[in-house]
Amino acid sequence: MPAGGSLCGCPLDSAVVTGEDQAQLPPQYAPGNVEPRLYDRWESSGLFTADAKASKPPFCIVIPPPNVTGSLHIGHALDHTLIDALVRRRRMQGYNALWLPGMDHAGIATQNVVERELANEGLSRHDLGREKFVERVWQWKAESGGKILGQMRRLGDSVDWSRERFTMDEGLSRAVQTIFKRLFDDGLIYRAERIINWCPRCLTALSDIEVDHSDEDGELVSIRYGEAEDSIVVATTRAETMLGDTAVAVHPDDPRYSHLVGREIELPLSGRRIPVVADPHVDPQFGTGAVKVTPAHDPDDFEIGRRHGLPSRTILNERGVITAKGPFEGLDRFEARPAVVAALREQGRIVAEVRPYVHAVGHCMRCGTVVEPRLSLQWFVKVGPLAKVAGDAVRDGRVRIHPTDMAARYFDWVDDMHDWCISRQLWWGHRIPVWYGPDGQVSSVGPGEDPPGEGWYQDPDVLDTWFSSALWPFSTLGWPDDTDDLRVFYPTSVLVTGYDILFFWVARMMMFGLYAMADRGPIDAVPFRVVALHGLVRDAHGKKMSKSRGNTVDPLDWIDRFGADATRFTLARGASPGSDVAISEEWVTGARNFCNKLWNATRFALLNGARVPAARPPREALSVADRWILSRLAAVTADADALFEQFEFAKLCEALYHFAWDEVCDWYLELAKLPLSSGDSAAARTTRDVLGYVLDRLLKLLHPVIPFVTEELWVALTGGDSIMIAPWPGSLAGGSGESSPRASTASTGDAAGPAYH
RNA sequence: GGGCGGUUAGCUCAGUGGGAGAGCGCUUCGUUGACACCGAAGAGGUCACUGGUUCAAUCCCAGUAUCGCCCACCA
């Protein structure tokens, strides 16, 4: 298609530099004068909006929905840059490209933020009551969410705003209720009393992966239970739990204790008599080879208790305060620990010295509080069958994980996963769609259905945030309804996200996507065809960014000072698949200079009357320099395509950077000065053509990564509507298997491959 | 306790069985009409260590050291 033609039937207003003004590009690129204007133009012209009815091959990426809490950080900026680059390239290649935006309600995180806000007013959520509190969160979401959307615009995200979704909107709530009921009816969701991870501060259950483990200094205390030859020494790091012991366990083959198995010994302090049981789980090599058993407060002990029919004694309440009658009642677990040890010592029950002991302690990933294993009645997803299917889809190549070594982590998790605790004792989230009858009946209620009857009440808990995010690739496209969007854009093409949420999000989308969309058959039930994982953003020395370290980068700050393009280029330039990205102010400065270099190269071309030729100059008219730069262009174009297909953004940026700076600017442009100085000679005309041709292509190749400058310059150079819909200079076919077979055979527009070789 | 990855120029990182690289930083020079957010020239590395395979190893293999990440219900 000709440059400058109206490509979409929705002509852009062209209040940019045109005609005589072309030569008036200022000598320095000022992003602040360009970016907001261009984004508004793009958005209002509808270029971001996909059309499900279009005959073009589909290409779809759903955004990893940012939490409504807070604002976008530099990690989001990386993610968005990479996604935007992929989407923009596909759009130029003639695909029906959709980047679907939205946000996540982020259950615990958001509730915590609003509760903190309330605390500043001296209130708790209970003062407001459930309904008022949830109302307040919605109110808060309205403000905070708007901020994030503004940041996405600043970054240049070419998202389809008409399709924006939220994990708590009406449609997604229906999706949640629908899949819950299906899973429940299929026996894949159940309710059970189990030891779960409990946060005594957030006062809710957590899933296994919401617990962060870190090695901490603890004390291993050896305690003598029983008397004389009926005594046995156990070791523990959590002495206070002995108040809830209901047995001591030893290995069945351990000769040291065989005489005690089956007998009862006295538990110190309480004086209760507890049995000694033999259980193969006990490691005779560790410590004394005898373990205290606290079924209500330890997952292992719970299992031992179950095997031996032991009672469970709960001695801590939901806040981690001792409830066992006696001198320790009312003490916090961390106060009770030394108090219990002291009492035992007084009775001569502490045998060996208390030993320092480093062990892994679990913390609530939202607030850092030490997690307490707690026996409670919760809802679970039975993950076995779902995870099997999710693993197979990657094993047999229906979903490809980039880089491939990340697949090993995926398998580790998916192949050995505990059931997923999905109920949370919160108010902000999807209420569990289950009702309980007056006689203890349990009924799962689908969307739009009425409660089963009088006297029934709904479960007060809400679902884990990740339950609704797991539905994101199809719920956002309209599921459970059979919509055009769902038919056209599912499975989505690529999922681009950080490796840190491989388990939280990616694996669960796999499980739920394959389950919910199973009727499409194994090939097309997958939520995405490719998973492209990137790393975390780190500072110049590879250190993790953190507020306490003071090395964080605010993307808006960089955008203000260096421009969105420079920010994006810096991030993309560091992004090798799966590797962390080190950035610093020196890097953005370089990227900003690069944008300026492009600006001035184009400015030079305009000053010298370069233009994009309608037809290529005859080969015999080309100088050696012309032929050289054109062959280099062809090679770089091919490289760029290959690198895009492999998500090698760092190498892509490197290749284009060097071509543009070293070869086009430092060499070709300098060599061109001689023929250009010869006025209207044939050589000058050819050089102007070649220069225009090369810059046209170069700007297009760079546009996916640095959309703003390239748009501004390309419009000035060609007089075209928008580079966004100009034909991609490289290959048009998708090569990474991210598109459906239907899509990969399609081609659009002219085969705009390099014309010179 | 398992699994994975790194160790190359001052810093951050590419890289390949035979010639050691980039960006930034550094040194010297340059007020040539695209750009000083620039240009030209240049300094700087026993490619962690040890052994092996090979005509040849920074690159392949084994081991060591060290850093980092992920997973894990051993008190």
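Quantities reported herein were computed from a predicted structural model and do not represent experimental measurements. To find a chain, count down the sequence lines: A is the first, B the second, and so on, and within it residues start at 1.
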Under a 3.5 Å limit on both distances, the Watson-Crick or wobble mate of A75(B) is none
To the nearest angstrom, how far is F286(A) atom CZ from A72(B) atom P? 19 Å
Between CG of D283(A) and C1' of G1(B) the distance, given in whole Å, is 12 Å
Distance below 4.0 Å between K673(A) side-chain N/O and A34(B) OP1 or OP2: yes
Any Y357(A) side-chain N or O less than 4.0 Å from OP1/OP2 of A75(B): yes
Any side-chain N or O of K543(A) below 4.0 angstrom from OP1/OP2 of C67(B)? no
Ignoring hydrogens and angles, does a donor from either the side chain of E670(A) or the base of A34(B) sit under 3.5 Å from an acceptor on the other? yes
Give me the atom names and distance for the closest heavy-atom approach of N551(A) to M545(A). OD1-CA, 3.3 Å
Sort out the partner of G39(B) for me: Watson-Crick or G-U wobble, both distances under 3.5 Å, none otherwise. C29(B)
For a quick check of understanding: with a heavy-atom distance under 4.0 Å over all strands, which category does W413(A) fall into, base, sugar-phosphate or nothing? nothing
Separation of atom CG in L533(A) from atom P in C70(B), rounded to whole Å: 14 Å
Working note: F504(A) + E210(A), criterion side chain to side chain contact (heavy atoms under 4.5 Å, CB included); need CA distance, chi angles, decisive distance, verdict. CA-CA 9 Å; F504(A) 286 101; E210(A) 285 169 302; 4.2 Å; yes
When the distance from NE2 of H281(A) to P of C74(B) is rounded to whole Å, what number comes out? 9 Å
When rounded to whole Å, the CG to P distance for the pair D666(A) and G23(B) reads 10 Å
Within the distance-only criterion (no hydrogens, no angle test), does the side chain of D419(A) pair as donor or acceptor with the backbone N or O of F380(A) below 3.5 angstrom? no
Any side-chain N or O of W661(A) less than 4.0 Å from the OP1 or OP2 oxygen of G39(B)? yes
Using Watson-Crick geometry (N1-N3 plus N6-O4 or O6-N4) or G-U wobble (N1-O2, O6-N3), each under 3.5 Å, G23(B) is paired with C11(B)
Can you tell me how far C1' of C71(B) sits from CG of D212(A), to the nearest Å? 13 Å
5' priority, RNA chain B, between A601(A) and A408(A) [closest heavy atom]: A408(A)
Does the side chain of K651(A) get closer than 4.0 angstrom to OP1 or OP2 of G15(B) through an N or O atom? yes
For C4(B), the nucleotide meeting Watson-Crick or G-U wobble distances (both under 3.5 Å) is G68(B)
